[in-house]
Number of protein chains: 2
Amino acid sequence: MSREEAIAKILKVFRQYGYEGTTLSRLSKATGLGKASLYHYFPNGKEEMAQAVLDFVDDWMKANIFVPLKSDSTPRDRLQQMSENVDRLYCSGEQTCILAVLSLGEAKDLFHSQIQQALKSWIDTLAEVLVEADIEPTLARQRSEDAIIQIQGSLVLARGMNDTTPFQRVLKQLPEMLLGNW
Amino acid sequence: MSREEAIAKILKVFRQYGYEGTTLSRLSKATGLGKASLYHYFPNGKEEMAQAVLDFVDDWMKANIFVPLKSDSTPRDRLQQMSENVDRLYCSGEQTCILAVLSLGEAKDLFHSQIQQALKSWIDTLAEVLVEADIEPTLARQRSEDAIIQIQGSLVLARGMNDTTPFQRVLKQLPEMLLGNW
DNA sequence: GTCTATACACCGATAGAC
DNA sequence: GTCTATCGGTGTATAGAC
């Protein structure tokens, strides 16, 4: 198994159980690797695995969210593209946000600056698109923040209610909400 | 120390560290009680403490959110009252939502139905107020759901950005958003 | 009620064979 | 690379003195 494949499986565990709830036993089971083998890929153990997971998601978001947002198609198309990839990122609302999960407990101290940076980049990039769509910078910024709030909030609600409908509704309305047509 | 006082301190630990990250050592430190003393108040240990915390918050929400929402003042006043108490519940955005935290990992299996019920009651009660304010039931329900989404999402963002501003903005706009005046 | 002491399982991590 | 075996530490939980 490649390191990349292992990271994808490890990611699922961290998303479900959080940092402290993710044990080497669970990671071993999820990857099919023995504990010692995990240390072959990640010499610094659990912390390095969480770091790898964060880096992996970081790269994925750059490629599948930020790059599309900076493309040369129309603002509406770019926002639509983002929504589709956000839907994939969170498996239509069935998976938590790793940024949200790793901002709890001990993990908060370890990864806070990286999480903060990822959220900030997302909001900033989104706001730039809205400014291009002739929205006032202050309003653009606020709407972008609201978009992240709605995505995160609907993930929480979907998890708590065991129903992904709220997430899907939010995502569907997202482009028009951002552009202010409603 | 009374059981109630202990629960309030235990609540803080679960909010910060989540279910798996909350250890008896941390609870012992937070309460000032030895581990064995904790078992005097909560014979079934950690699970019972989490249950007590959930029940405590449940009662608090009934008294400080649901009851005000069902009072006989105007819809706007009731929503305003809710916002103020939500602000207290989450310490102006500095504290997580225990319902959101306990819907992760092992705790999800243990407490899912109670968490689901609490969220559902909140949305239902909110929607009733909006219907009284002559809003169509379908729209009332959707806006109520959006309110919970925005509260939860802004808490996540506030935590990730280490900045409670988003939460406070959401809360301030909440009554007018719900009534549809914006 | 609160404590010290302790039981036993599981934690993260490592050694070393293959 | 992957494994088994094992380490020291900490987890939850309990016994029993005071």
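Naming: A, B, ... by sequence-line order, numbering from 1 per chain. A quick note: this is a predicted structure, and the numbers were derived from the prediction, not measured.
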Participant: Residues in salt bridge (Lys or Arg N to Asp or Glu O under 4.0 Å) with A/Lys120, at least two apart?
Facilitator: A/Asp124

Participant: Answer yes if the side chains of A/Ser121 and A/Gln117 hold a donor-acceptor pair under 3.5 Å, and no otherwise.
Facilitator: yes

Participant: Taking side-chain hydrogen bond (donor to acceptor under 3.5 Å, both in side chains) as the definition, give me every residue that meets it alongside B/Ser103, ordered by chain and number, with sequence neighbours left out.
Facilitator: A/Arg159

Participant: Could you work out, with side-chain contact (heavy atoms from CB on, under 4.5 Å) as the rule, every residue matching A/Glu84, not counting sequence neighbours?
Facilitator: A/Gln80, A/Gln81

Participant: Can you list everything that forms a side-chain hydrogen bond (donor to acceptor under 3.5 Å, both in side chains) with A/Glu94? Sequence neighbours excluded, please.
Facilitator: none

Participant: Taking only residues two or more places apart in sequence, or in another chain, which ones meet B/Thr165 in a side-chain hydrogen bond (donor to acceptor under 3.5 Å, both in side chains)?
Facilitator: B/Asp163

Participant: Just how large is the angle between the end axes of the helix from C/dG1-D/dC18 to C/dC18-D/dG1, five pairs per end, to 10 degrees?
Facilitator: 0°

Participant: Output all residues satisfying side-chain contact (heavy atoms from CB on, under 4.5 Å) with B/Ala52, sequence neighbours left out; order by chain, then residue number.
Facilitator: B/Arg3, B/Ile7, B/Phe42

Participant: What string of B, S and - do you get for nucleotides 7-12 of chain C 5' to 3' if you count protein non-hydrogen atoms under 4.0 Å?
Facilitator: ----SB

Participant: For A/Glu132, give me all partners under salt bridge (Lys or Arg N to Asp or Glu O under 4.0 Å), at least two apart in sequence or on another chain.
Facilitator: A/Arg78

Participant: Given atom NE2 of A/His40 and atom C1' of C/dA15, what is their separation to the nearest angstrom?
Facilitator: 16 Å

Participant: Show the atom names and distances, to 0.1 Å, of all donor-acceptor pairs under 3.5 Å that link a side chain in residues 15-24 of chain B to residues at least two apart or in another chain.
Facilitator:
from    : atom 1 : to       : atom 2 : distance (Å)
B/Arg15 : NE     : B/Thr96  : O      : 2.9
B/Arg15 : NH2    : B/Leu89  : O      : 2.6
B/Arg15 : NH2    : B/Thr96  : O      : 3.2
B/Glu20 : OE2    : B/Glu106 : N      : 2.8
B/Thr22 : OG1    : B/Gly18  : O      : 2.6
B/Thr23 : OG1    : B/Arg26  : N      : 3.2

Participant: Distance under 4.0 Å to a non-hydrogen atom of chain A counts as contact; along DNA chain D, which nucleotides mark the start and end?
Facilitator: D/dG1 to D/dT4

Participant: Can you list the residues that meet the side-chain hydrogen bond (donor to acceptor under 3.5 Å, both in side chains) rule with B/Ser73, with sequence neighbours excluded?
Facilitator: B/Ser71

